[in-house]
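First the structure, in the form of structure tokens, and then the observations on it.
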Amino acid sequence: MPSGKGAQGGHNSGLLTALTRQISPRIADCELTFQHREPIDLPLARHQHSAYCAALADLGVNVLNLPALPDHPDCVFVEDPAIVLDEVAILTRLGAESRRGESPSIADALRPYRELRFTEAPATLDGGDVMQIGKTLYVGRSRRTNFQGIQQLAQLVTPFGYWVTPVEIRNCLHLKTACTWIGDNTVLGNREWLDLDGFCGIEFLDAPEPHAANVLRVGDNLLMPSTYPKTQALLKSRGHAVRTVDISELIKAEAGVTCLSLIFNAPARNASDPASPPTP
Ligand code: GLY
């Protein structure tokens, strides 16, 4: 059965790096697909984002916080432009055209850590649609990720021993809005939003709150929004170490905790110079 440590199910040890990015001053103009637009308090959103980065650092992750891209309202959602595996990073052609300009700087930030591969038109693929459990990548077919995106991803990762399993989702933005891997061979999810056919052999744990399925596994900890106390209690009752963060302003931009970072196995580097050699 697949197993593993870390946020995406493939990490080996404590040498985790998180790429994050500061919030654009234009976040109020972000893409919204299943939510209505509400005013976003930018200073509060920035404060919450800093607390999120601090929580990752507190969990032992080396956080590299990139500067905002002022003209890209969704730039804080760094999970979507790339899928970082131990062997390679896949730069995605994002499903929302307005977001495609976010990719070059993510590629630059990842280049010191991984060989890069790129998906190309007509493929569309968002990292939020990719859930890794060991060597299996479950990929949501969504408003953002099309058949060609899944097909190109499979072609790029198969040589590294990965298996790609498509998953149909509905009424939510990304696969990882509908479910996330929490370790112990278990996925937390909202079964109303996805087809479970591809998940045989994996325990599916129903989240008591419909929007609470997006949690971020970091080492042996689960990081989740503070707004879902029933789900928090359920996870704790099953023995998980749960840490909460308030991301309520970012949720207004259709965020989850996974969207705000790209976490991968990598030795620490000098935060001011991502191209620097690993520190001993
Ligand atoms: N606002 C997050 C996204 O739609 O990509």
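These numbers come from the heavy atoms of this one structure, side chains and all, not from hydrogens, waters or symmetry mates. Quick caveat: nothing in here was measured; it's all calculated off a predicted structure. Read the numbers this way: they start at 1 and go in the same order the structure lists the ligands and their atoms.
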- prompt: Does ligand 1 have an atom that lies less than 4.0 angstrom from a heavy atom of Asp74?
  reply: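 True for this residue.
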- prompt: Ala253: heavy atom below 4.0 Å from ligand 1, yes or no?
  reply: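 Flag set, Ala253 near ligand 1.
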field: Closest to atom 3 (C) of ligand 1 (judged by heavy-atom distance), picking from Lys252, Arg144, Glu254
entry: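 Looking at heavy atoms only, Arg144 sits closest to atom 3 (C) of ligand 1.
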Note: Glu102-Arg21 ion pair, threshold 4.0 Å (strictly below):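 So Glu102 does not pair with Arg21 through a salt bridge.
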- request: Identify the two heavy atoms, one from Ile247 and one from Gln48, that lie closest to each other, and give their separation to 0.1 Å.
  value: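 Smallest interatomic distance, heavy atoms only, reads C-OE1, 3.3 Å.
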query: Just distances here: any N/O of His174 and N/O of ligand 1 closer than 3.5 Å?
result: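 Between His174 and ligand 1 (N or O atoms, distance only) the closest approach is not under 3.5 Å.
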message: For a quick check under 3.5 Å, do Asn65 and Thr20 share a side-chain donor-acceptor pair by atom type?
response: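 Yes, a side-chain donor-acceptor pair sits under 3.5 Å.
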- prompt: With no hydrogens and no angle check, do the side chains of Thr244 and Gln232 hold a donor and an acceptor under 3.5 Å apart?
  reply: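 No - no donor-acceptor pair under 3.5 Å links their side chains.
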query: With atoms numbered from 1 as shown, which atoms in ligand 1 lie under 4.0 angstrom from a non-hydrogen atom of Phe77?
result: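 Atoms satisfying the 4.0 Å criterion: 1 (N), 2 (C).
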query: Nearest to atom 5 (O) of ligand 1, what protein heavy atom do you find, and at what distance?
result: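 Sorting protein heavy atoms by distance from atom 5 (O) of ligand 1 puts Arg99 NH1, 2.7 Å first.
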- prompt: Mind checking whether Tyr138 and Phe199 have parallel, tilted or perpendicular rings, split at 30° and 60°?
  reply: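 Correct class here is parallel.
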